[in-house]
Amino acid sequence: MKVEFDEQAKEALELLLHHFWILRTTNPDAYRRIREREKVVRRYLDDKFGLLLIVHQHFIKLEKIPVEPEPWMGMSEFQETRDYTLFCSAMAFLEGKTVGEQFLLSELTEEIQHNSIGEDSIDWTIYTHRKSLIRALKAMTTLKILVTVDGALHQFDTDQQQEVLYETTVYSKYFIRSFPEDLTSFSNWKDVLASEWGTQQEDERRKRVYRKLFFSPNLQRIALDDPDFAYIRTFRNHLQEDIEAHSHYQLRVFKNTALLTAADPDYRYDYFPDAKAVTDIVLQVSMYLAKNRSDFTPLETGELLLTMGDFERLLADLKVHQGFGWSKEYRETSLEGLRKEMIYTMESWMMAKQTEPALIYLQPLLGLLAGSYPKEFIE
C-alpha cells in the first residue's frame, strides 16, 4: 500500500531537520515515527535537498550539509576556536577505542597534549585551555558520544589532576560523516563543499534553494542576477505548494528576500522573535528604520550600510525614547555592550552582517518584522 506524505511524515521531516540525530534509546517514539514514514521522507529529502538519510538500528540521522557555512551554524556552547580543536582531538582519541571501552580523563589529556605542537599547543596549567576541554567534553556527553561513569568534570577547571571515568558509546563511530574523497586531498573547507555538489547528478539549483530556505532564517538576494533568488521568483507558486504539502511552513517571497514562516510556531524549536528581551529591541530597531526611512538610502540589494558610529547613535536614540520598557539588563548596560549584543543577535538571524570593524550591513530580513509598545503600555 502506497504511503502518502501525511501529517506523520511532516512531523518526521521536522524532527530530522531540527535534531542532529534521533537516538532510539532516548527518543523511541520519534525513532518509530520516522521509521514508519522512512520511504516517503527519504525520497523527498533526496529529490528536493539531495541529502542522505541514515537509518541505523540505534539511531536515525540526516546529514545536513549547508550551501554555505554561517557562524551561527556551529555548536552554540562553544566560545573559542580551541573548543572545536579539542572536540576534534577527543574524537580522534576515540577512534582507537572500542564501543563500551572505558578510559580516564587523564588518558585523554595526556594524548591531546602529546599531539599538540606549535603556537597552538595545549597546556593544561592554563585555565582557559581546561575550560575549552570542559566545553568540548560536555558537548560530547550531550550528544551521547560519551557517557560519564564516575567523577565530576566541572572540577577540572580548578584542579587539572581531577579524574573522570568515561565510556564510549556506539554513536561515537557515527558522529563524523563520510566524505566523497579523502579529507587530506582538500586544501580548505570550500573544496569540501565543492566536492559535495560533485555528487549531485541533477537539479543542483533546486537543492541549493531548498537547503537555504530550510537551513537558514532567509534566502537573501545577493545581486541583481542572483540565480538562486531568480529560481524562487520563477517557480514561486510551485515551491509554495510543495513546501506547504510537505511541511508546516509557508513560503514568503519579497523583493530582496525569501523565507519560511509558520502560522502556529512549535516552540520546541527556534523562532523569531523568541522569549529573549534582545529580540524585542531588534523589532524596535526595525520600526525606527521604518519611521525614519528618508534618512537612509538602501543599496540595490536592499541592504542598509551604516558606520558603527551611526548604529550606536541609532541605539542611543532608541534607548532614550524606548528604553523605559526594556529589561533591567539592557537599561543598565553600556552603549558598547548593547551594540555588541545587538550585532551578535542580528547576525545570528541573518539580519545584519559586519564585514569590517567600522561598518555594518543591515539586511532586508530586518525590515520584514517591526514592533512597538502598545498604547496602553506607554500610558
Side-chain angles (χ1 to χ4, degrees), residues 5 10 13-14 17-18 43-51 64-73 190 193-194 196-265 269-273 282-283 286-287 289-290 293 296-305 346-353 355 360-370:
F5 208 102
K10 289 183 180 181
L13 179 64
E14 186 96 343
L17 290 172
H18 284 91
R43 189 182 309 119
Y44 187 70
L45 288 167
D46 179 62
D47 181 44
K48 304 299 184 181
F49 296 80
L51 295 176
K64 293 180 281 290
I65 304 170
V67 176
E68 297 175 1
E70 299 285 350
W72 48 266
M73 290 180 177
K190 293 181 180 179
L193 279 182
E196 153 67 16
W197 291 111
T199 64
Q200 303 295 331
Q201 301 300 315
E202 56 185 15
D203 301 319
E204 178 181 331
R205 183 67 56 200
R206 181 180 69 207
K207 293 169 183 176
R208 286 173 56 87
V209 166
Y210 268 80
R211 292 191 196 187
K212 284 185 176 182
L213 287 173
F214 277 85
F215 293 174
S216 302
N218 81 132
L219 189 161
Q220 181 180 321
R221 183 169 70 103
I222 58 176
L224 291 178
D225 58 348
D226 183 342
D228 289 347
F229 201 79
Y231 180 94
I232 292 179
R233 298 295 291 269
T234 302
F235 299 102
R236 175 177 180 171
N237 291 338
H238 173 74
L239 288 169
Q240 187 166 324
E241 291 175 3
D242 180 74
I243 289 171
E244 290 185 8
H246 294 87
S247 74
H248 299 119
Y249 302 108
Q250 297 82 45
L251 175 65
R252 301 286 183 259
V253 183
F254 300 88
K255 181 180 180 181
N256 294 299
T257 187
L259 71 154
L260 301 183
T261 62
D264 299 303
Y269 309 123
D270 292 333
Y271 285 87
F272 185 92
V282 173
L283 292 174
S286 179
M287 181 64 77
L289 294 171
R293 60 170 58 91
F296 304 95
T297 303
L299 305 177
E300 62 181 15
T301 54
E303 297 171 299
L304 293 180
L305 176 59
M346 292 164 69
E347 283 189 323
S348 68
W349 285 102
M350 297 182 72
M351 294 180 175
K353 180 177 290 186
T355 57
I360 181 173
Y361 289 85
L362 302 183
Q363 310 288 59
L365 181 59
L366 176 63
L368 298 184
L369 294 171

Scanning both residues in full, the closest heavy-atom pair of Asp47 with Lys207 reads O-CE, 3.7 Å
What's the spacing between Thr257 OG1 and Leu365 CG if we round to 0.5 Å?
5.5 Å
Atom CG in Leu251, atom CD in Glu241: separation rounded to 0.5 Å?
11.0 Å
Output, in order, the C-alpha distance, side-chain angles, deciding distance and verdict of side chain to side chain contact (heavy atoms under 4.5 Å, CB included) for Arg221 and Phe254.
CA-CA 10 Å; Arg221 183 169 70 103; Phe254 300 88; over 6 Å; no
How many angstroms lie between CG in Leu259 and CG in Leu368, if you round to the nearest 0.5 Å?
6.5 Å
Parallel, tilted or perpendicular: ring planes of Tyr269 versus His18, cut at 30 and 60 degrees
parallel
Please report the interatomic distance OG1(Thr301) to CG(Leu224), rounded to the nearest 0.5 Å.
8.0 Å
Quick one: closest heavy-atom pair of Phe49 and Phe214, and the distance?
CZ-CD1, 3.5 Å
Does any part of the side chain of Gln240, heavy atoms only, come nearer than 4.5 Å to the side chain of Gln250, both counted from C-beta?
no
Would a 4.5 Å heavy-atom cut-off, applied to side chains only, mark Ile65 and Leu193 as touching?
yes
Distance col, row Arg211:CZ vs Glu68:CD, nearest 0.5 angstrom, shows 12.5 Å
Should Leu283 and Phe272 count as side-chain neighbours, where that means a heavy-atom distance under 4.5 Å?
yes
On a heavy-atom basis, the closest approach of Gly367 and Ser286 is CA-OG, 3.7 Å
Taking all heavy atoms of Ile222 and all of Asp226, pick out the closest pair and write down the distance.
N-OD2, 3.1 Å
Check this for me: Arg205, atom CZ, are more than 12 non-hydrogen atoms of other residues, nucleotides or ligands nearer than 6.0 Å?
yes
Could you list the donor-acceptor pairs under 3.5 angstrom formed by side chains in residues 231-239, with sequence neighbours left out?
| unit_1 | atom_1 | unit_2 | atom_2 | d |
| --- | --- | --- | --- | --- |
| Thr234 | OG1 | Ala230 | O | 2.9 |

Straight-line distance of Glu244 CD to Leu260 CG, nearest 0.5 Å:
10.0 Å
Using the side chain to side chain contact (heavy atoms under 4.5 Å, CB included) criterion, which residues pair with Met350? Sequence neighbours excluded.
Glu70, Trp72, Ser216, Pro217, Asn218
For the residue pair Pro298 and Glu303, establish whether any side-chain heavy-atom pair is separated by less than 4.5 Å.
no
Decide yes or no on side chain to side chain contact (heavy atoms under 4.5 Å, CB included) for Leu51 and Asp46, but give the supporting numbers first.
CA-CA 5 Å; Leu51 295 176; Asp46 179 62; over 6 Å; no
Any non-hydrogen side-chain atom of Phe296 less than 4.5 Å from a side-chain atom of Leu362?
no
Walk me through it: do Trp349 and Asp270 pass the test side chain to side chain contact (heavy atoms under 4.5 Å, CB included)?
CA-CA 10 Å; Trp349 285 102; Asp270 292 333; 4.3 Å; yes
Which atoms form the tightest heavy-atom contact between Val282 and Met346, and what is the distance?
CG2-CG, 3.9 Å
Could you pull out the closest heavy-atom pair between Ala258 and Leu213, with the gap in Å?
O-CD2, 4.0 Å
Under 3.5 Å, is there a donor on one side chain and an acceptor on the other for Tyr44 and Asp242?
yes
Please lay out, stage by stage, how Phe229 and Asn256 fare under the test side chain to side chain contact (heavy atoms under 4.5 Å, CB included).
CA-CA 8 Å; Phe229 201 79; Asn256 294 299; 5.6 Å; no
For Lys10, does the NZ atom sit with more than 12 other heavy atoms under 6.0 Å from it, leaving out its own atoms?
yes
